[in-house]
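Worksheet for the structure shown next.
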Amino acid sequence: MPAEEDCDDNDATVSPDADEDCDELDRNCDGDPTAGAIDAQSWYTDGDADGFGSGEPTLACEAPEGYTTQTEDCDDGEAAIYPGAPEDDCLDPTDYNCDGSSGLTDADGDGFAACEECDDTSRSVNPAATEICDDVDNDCDGEADVGAIDAETWYQDADADAYGDADFPVESCDAPEGYAAVSGDCDDLEASMNPGASEVCDGLDNDCDSVVDDNASDAGTWYSDRDNDGYGDGATAKTSCEQPTGTVDNDGDCDDREPLAWTDAAEVCDEVDNNCDGSVDEGVTTTYYADNDEDGYGNPSRSTDACEAPDGYITASGDCDDKEPLAWTGAVEVCDEVDNDCDGDTDEGVTSEWTLDRDNDGFGDDATAVSACSAPTSAYVGAGGDCDDRDSDYSPGAAEGCDGNDYDCDGDVDNDLDGDTYADIACGGDDCDDSDTAVKPENSGACALGTSCLDILTKGYSTGDGTYSVDYDGYLTGDDPEDVYCEMDAYGGGWTLIATNGGSGWSATVFLATTTIGSPSLTSNYKGNAWFVMPMSDVMFTDGAMHAVYEGVDGGSQSFYDWQASIPLYNCGSIDGYNWPMTDGDFASSDLCDTDLYMHPLDEDGGVNTACDPYWQTYTGNATGPAWSSGNNNGCPLDDTGVTSFVNDSELIAWGTALSLYAR
């Protein structure tokens, strides 16, 4: 605020924007210290000077002459008329107290006019009413609750212990200062003495029962100590404020005539129950055992507890035969027909196991085993485990075979590492993977490593490209396993060969009809069982040097044959929905190009089948089977120009002489 506008630039509460108040200081710099004060009071005109005004209020910090703060005067020209004025003249009908009625009115209907009683608004207040304890002057005698019929009796409580002196009663609706509701105090000057106090050892009659220190709450319990050992007899308990002669404050003595016995005393060997536990000399004696054979070990069934060893007794037990000096617990067992070590067996562990060897191969039959210190006859040997003791080809020392038998008597088929009861193919057996129990020969004798080349690759059985045995429909179900050629290394691997033209041209029926299953060769005309059975998702064409991969042509729920058969036999007009983009390839030659696969019984070279003619496939230039169509792919040279695409090898310009079809 500029100094020229501030009327007091030394006081931060003074400025033209400040609020004015009634402190005689011009805070808003308007020249008037009270005008517009926010704490100004309302004042009313008091024409009759009876302290009550009327009319509209006037705001001011101080009372103007002839004004008052009280309002609601119903006649401001008569000083005797104002709110609360007395109406005690029963002959005057004037409304003096401005309540709308005069002293002649009986507003509460109690039979007394307002001029005759002290409260004409309550029927329970009038000169004939009964005074009760309600802080109201019920009988209009000028005093509230005096002489109330329901007043209580109170007793002087000089020591403030909540019990009063019965000799000094008073009646009142409320407790007078220094009075109590209960009497019976036997000494109203001693707060610790009253009927509700607890008796304590202080030489006073605390509970006012006329007996001093009787049954005091802090009285001690004392016990007789006749043997003067510092421990009392629990049966002699007595309470008193003072300790009687010959008593102690504990009851730990179990025998108050034996000074060597009390609770928790140390037990000693004196034929006294020193520690009061009910036993004599327990824990301080030693257990001794009779040793009749004097072998240093006592008979555990003949013992005695004593402070000293009786004759013929020792502290060590463990003798199972106290008449045999060569037998005791822990002795070394020897071959003497005595249970030396007291374990219940005779000569155990010191004899040898002998078995009968009928086929003289050095191993005996376990069923003939006997225990002895030496062989019963020369026909017994020390080695057992012979599973056929009438054939010397069978024994734990025999070499393993590969014919499904257990020559080495180990309980398992020889050379069967995975325990599926088929011997390893490496030794002439039938198991083509002897480390996996899931791989085993089927009824045909063939042993499949998986359901497809991809399954074999995923399981880790792949050893590279080559011929593998697979079972498309699972172990021991449907068709027997079949040998297939697998591409395991290139283009992600796991490809199963399902058809090849062998360089001599595709058969016109290879894509639409069933054919004889041939040999999985890359150079011969071949179509395998996988064509009809194995579910596939991806397709690949390759001549071994270049390839074209089409992933996701199907969802993996049907074979190539079923997938092809699911495509409509002829299309009408547009071929949308019948072509798949290539996802991988290595077209290095100018004769090949990146192109979609159009899979349909007909292609588009013969024109658009706008008439939806079902015989469209007979027209020139319409191929049967997969084709790379010039109508779809900008003149790519892999097309069936004038002839069918895969029926004539001469049109496979840049491929090799043998083109193969794989799936996975």
Side-chain angles (χ1 to χ4, degrees), residues 84 86 88 106 108-224 232 234-251:
D88 51 5
D106 181 10
D108 55 11
D110 59 2
F112 292 87
C115 61
E116 297 177 320
E117 62 169 294
C118 51
D119 185 356
D120 199 33
T121 64
S122 175
R123 292 177 59 85
S124 63
V125 177
N126 57 70
T130 300
E131 193 71 29
I132 59 174
C133 291
D134 58 359
D135 291 327
V136 174
D137 181 13
N138 307 93
D139 56 7
C140 294
D141 64 354
E143 293 181 304
D145 295 345
V146 174
I149 62 172
D150 55 349
E152 296 184 49
T153 301
W154 306 89
Y155 305 91
Q156 180 177 288
D157 182 14
D159 53 11
D161 60 1
Y163 289 87
D165 189 339
D167 293 335
F168 299 95
V170 66
E171 290 188 357
S172 173
C173 289
D174 299 311
E177 183 71 24
Y179 280 77
V182 182
S183 64
D185 198 332
C186 55
D187 187 343
D188 201 30
L189 298 178
E190 177 56 61
S192 64
M193 295 176 63
N194 58 70
S198 296
E199 193 72 29
V200 295
C201 294
D202 59 359
L204 299 176
D205 179 14
N206 305 93
D207 56 6
C208 293
D209 66 351
S210 301
V211 183
V212 175
D213 291 348
D214 63 314
N215 299 316
S217 60
D218 57 347
T221 301
W222 310 97
Y223 306 89
S224 175
T236 64
K238 180 181 180 181
T239 59
S240 68
C241 291
E242 300 293 335
Q243 180 178 3
T245 302
T247 64
V248 293
D249 61 356
N250 68 83
D251 60 350

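Below, each value reflects all heavy atoms present in this structure, side chains not excepted, and no hydrogens, waters or symmetry copies.
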Using side-chain contact (heavy atoms from CB on, under 4.5 Å), reason through E199 and D214 one step at a time and then give a plain yes or no. CA-CA 7 Å; E199 193 72 29; D214 63 314; 3.7 Å; yes
With side chains defined as the heavy atoms from C-beta onward, is the minimum distance between [X] and [Y] less than 4.5 Å?
X: D134; Y: D145; value: yes
X: D110; Y: E117; value: yes
X: D249; Y: W222; value: yes
X: S198; Y: N206; value: no
X: D202; Y: D213; value: yes

For atom CG of N215, decide whether the heavy atoms of other residues, nucleotides or ligands shown that lie under 6.0 angstrom number more than 12.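 Count not over threshold, so no.
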Could you measure the distance from the [atom1] atom of [X] to the [atom2] atom of [Y]? Nearest 0.5 Å is fine.
X: E171; Y: I149; atom1: CD; atom2: CD1; result: 12.0 Å
X: K238; Y: S224; atom1: NZ; atom2: OG; result: 11.0 Å
X: C118; Y: D139; atom1: SG; atom2: CG; result: 8.0 Å
X: D167; Y: Y155; atom1: CG; atom2: OH; result: 10.5 Å
X: D161; Y: N194; atom1: CG; atom2: CG; result: 4.5 Å

So, the side chain of D150 versus the backbone of I132: is there a donor-acceptor pair under 3.5 Å, distance only?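 No, D150 side chain to I132 backbone: no donor-acceptor pair under 3.5 Å.
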With no hydrogens and no angle check, is any side-chain donor or acceptor of D205 less than 3.5 Å from a backbone partner on S210?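 It does hold such a pair.
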Is the closest side-chain donor-acceptor distance between T121 and D119 under 3.5 Å?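 There is such a pair (donor and acceptor under 3.5 Å, judged by atom type) between the side chains of T121 and D119.
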Do E190 and S192 have side-chain N/O donor and acceptor atoms under 3.5 Å apart?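 Per modelled atom types, E190 and S192 side chains form a pair under 3.5 Å.
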What's the shortest heavy-atom distance between [X] and [Y], and which atoms?
X: M193; Y: C208; result: C-SG, 4.0 Å
X: A151; Y: C173; result: CB-N, 4.0 Å
X: A128; Y: F112; result: CB-CZ, 3.8 Å
X: A197; Y: D207; result: O-CB, 3.4 Å
X: V146; Y: E131; result: O-CG, 3.3 Å
X: S122; Y: D108; result: O-OD2, 2.6 Å

Which of these passes side-chain contact (heavy atoms from CB on, under 4.5 Å) with D165: D188, L189, D159?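 Running side-chain contact (heavy atoms from CB on, under 4.5 Å) over D188, L189, D159 with D165 returns exactly one hit, D188.
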Donor-acceptor contacts under 3.5 Å from residues 175-186 side chains, at least two apart:
from	atom 1	to	atom 2	distance (Å)
D185	OD1	D187	N	3.0

